[in-house]
Amino acid sequence: MDTMQPEYDAAIIGGGAAGLSAAQALGRSRRKVVVIDAGEPRNAPAEGVHNFLTRDGVPPLELLRLGRAELEPYGTEFRNGRALGFGRDDAGFTITLDGGREVSARRLILAAGIRDTLPEVEGLAEYWGKNALHCPYCHGWEVRDRDIAVLDSSFAVHQSLMFRQLSDRVTLFTTPDRVFDAAELERLEARGIEIVPREINAVRGDGTRLTHLLFRDGSEQAVDALVIMPRFGVELPGLAALGLQATAHPSGIGTFVATDELGKTAVPGLWVAGNLREPMAQVVMAAADGLRVGAQVNAELIEMEIDAAVSARRAEAATV
Ligand SMILES: Cc1cc2nc3c(=O)[nH]c(=O)nc-3n(C[C@H](O)[C@H](O)[C@H](O)COP(=O)(O)OP(=O)(O)OC[C@H]3O[C@@H](n4cnc5c(N)ncnc54)[C@H](O)[C@@H]3O)c2cc1C
C-alpha cells in the first residue's frame, strides 16, 4: 500500500443501520465504498423493529435487506463476512477479511455494533428479543397490561419504573439479601411495583414464548414477559492495531469505543458510528449517526482533495 493508492474511498465495517446509512451518504456523494458485514445485527433475535417511523414492526434482517437494495444505484459494494484485522499507513487502511482476502481504503468507518451477554439464567437465550426484553421502547407496547417480571440488576429499579408505564402488573424479583435504599423503595412502592425476594434460576416456555419463571427455592410462577439487563461489549477484533481500545461505558454495564462527539477517533481517517460508540442508541439513532459520520468522512476527503489540487496548482505555477 506504500506505492499503491487504496482501492476504496471508504471501507465500512458493519452493515447494520449505522453502516448502511454511512454508505448511503458516501455513495450519494459519488464515493467508492465497500461495506464488510457479518450479517448479525444486535437486534436479530427480535421479531420486529419498533420506533422506526414508517417501518414499525419490520423484521430486523428485512430492514437491512431493504437498506442494501436502496444502495444499489450508488454502486456500493458488499463483502459478506467478518473483518478480522486492520493495518494502517499514510495512504489509508487495509482490512483483512475472513478467508484471508484484503481490501484497502482511504478512510475506515467502524460500525460493527456491540455484543449482548445475557445474565446466567437457564433457558433465557431462547426467548431473548421475544418476551425476554430489556428496552421498553423496543418491545414495551407488545407486553402492555401483561404480567411483567423484572430480573434484578443494577438497572432493575429503573426498568421496573419504566415498564410500569406499560402495565400495572410489574413485579421485581430479587435475591433474598437484596437491599434497596429508602428512596428507591419509596418510588417502587408508590408505583405499586411488588418486590419479591425470590431468585430466578431458570425460565421455561413453549418454544415461542417464555411462560414460566423457575426459582432457586424450587417454586415456579407463570409470567407474560421477563425484563432483563444484558451486559454489552465491544467484540471487534484488531482494535489495538488501529490504536483504539474498548473503554468502560459510564453506565457500568459494558464497553464501547470512545470518540469525539461526531464519531471521529484520535487516529487520522478513522471513524466510528452507531452502537459501537453509543450503545444506548436505537436503530433510527444509529442510522442518523451513520449518516452524520458518512457526511463527515466525505467532507474530510473533499478537504484533502482541495489541498492536493491547490498544492498541484501552486507547484505548476512555480515551474512556469
Ligand atoms: C433484542 C433487541 C431488540 C432491539 N429492538 C429494537 C427496536 O425494536 N427498535 C430500535 O430502534 N432498536 C432496537 N434495538 C437496538 C438496535 O439493535 C440497535 O440500535 C442497532 O442494532 C444499532 O445499529 P448498528 O448499525 O450500530 O449495529 P448493528 O445493528 O448491531 O450492526 C452491526 C453489524 O456489524 C456486523 N459486524 C460485527 N462485527 C463485524 C466484523 N468483525 N466484520 C464485519 N461485520 C461485523 C454485525 O454482524 C452487524 O451486521 C434492539 C436491541 C436488542 C438487543
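For ligands, and for the atoms within them, numbers begin at 1 and follow the listed sequence.
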TODO: Quick one: look at A111 and ligand 1, take heavy-atom pairs under 4.0 Å, and tell me if it's side chain, backbone, both or neither.
DONE: backbone
Task: Protein residue, atom and distance nearest to atom 37 (C) of ligand 1, heavy-atom basis - done: A112 O, 3.2 Å
- [ ] Report yes if some N/O of A38 lies less than 3.5 Å from some N/O of ligand 1; otherwise report no.
- [x] yes
Task: Side-chain heavy-atom pair V283, R55 within 4.5 angstrom cut-off - done: no
Open item on the list: Strictly below 4.0 Å, N to O, side chains only: are E261 and R292 in salt-bridge contact?
Closed with: no
Task: Shortest protein heavy-atom distance from atom 9 (N) of ligand 1, along with the residue and atom involved - done: H50 O, 2.8 Å
Open item on the list: Is there a polar contact, in the sense of an N or O pair closer than 3.5 Å, between W128 and ligand 1?
Closed with: no
- [ ] Answer yes or no: does an N/O atom from I13 fall short of 3.5 Å to an N/O atom of ligand 1?
- [x] no
Open item on the list: Tell me whether P45 has any N or O atom under 3.5 angstrom from an N or O of ligand 1.
Closed with: no
Open item on the list: Does ligand 1 come near enough to A18 that some N or O of the ligand is less than 3.5 Å from an N or O of the residue?
Closed with: yes
Task: H134 N/O to ligand 1 N/O under 3.5 Å - done: no
Open item on the list: Using heavy-atom distances only, which candidate in A286, C135, A281 approaches atom 15 (C) of ligand 1 most closely?
Closed with: A281
Task: Protein residue, atom and distance nearest to atom 50 (C) of ligand 1, heavy-atom basis - done: N43 CB, 3.6 Å
- [ ] Can you pull out the closest protein heavy atom to atom 29 (O) of ligand 1? Residue, atom name and distance to 0.1 Å, please.
- [x] P41 CB, 3.4 Å
- [ ] Check whether any N or O atom of I114, backbone or side chain, sits under 3.5 Å from an N or O atom of ligand 1, and answer yes or no.
- [x] no
Open item on the list: Whether R204 and E220 form a salt bridge (side-chain N of Lys/Arg under 4.0 Å from carboxylate O of Asp/Glu) is what I want to check.
Closed with: no
Task: Stepwise ring pair (Phe, Tyr, Trp, His ring centres under 6.0 Å) test for F232 and H249 - done: CA-CA 9 Å; F232 57 78; H249 191 263; 5.4 Å; yes
TODO: Please confirm whether N51 comes within less than 3.5 Å of ligand 1 when only nitrogen or oxygen atoms on both sides are compared.
DONE: no
- [ ] Determine whether L172 and F180 make a side-chain contact, defined as any pair of heavy atoms from C-beta on separated by less than 4.5 Å.
- [x] yes
Open item on the list: Please state which option from R82, E40, R79, K130 has its nearest heavy atom closest to atom 39 (C) of ligand 1.
Closed with: R82
Open item on the list: Regarding D9 and K32, does a basic nitrogen lie under 4.0 Å from an acidic carboxylate oxygen?
Closed with: no
TODO: Pick whichever of L97, V283, L20, I12 has a heavy atom sitting closest to atom 12 (N) of ligand 1.
DONE: V283
Task: Sequence-distant partners of F215, ring-ring contact (aromatic ring centres under 6.0 Å, His included), two or more places apart - done: F173
Task: Geometric N/O contact L236 with ligand 1, under 3.5 angstrom - done: no
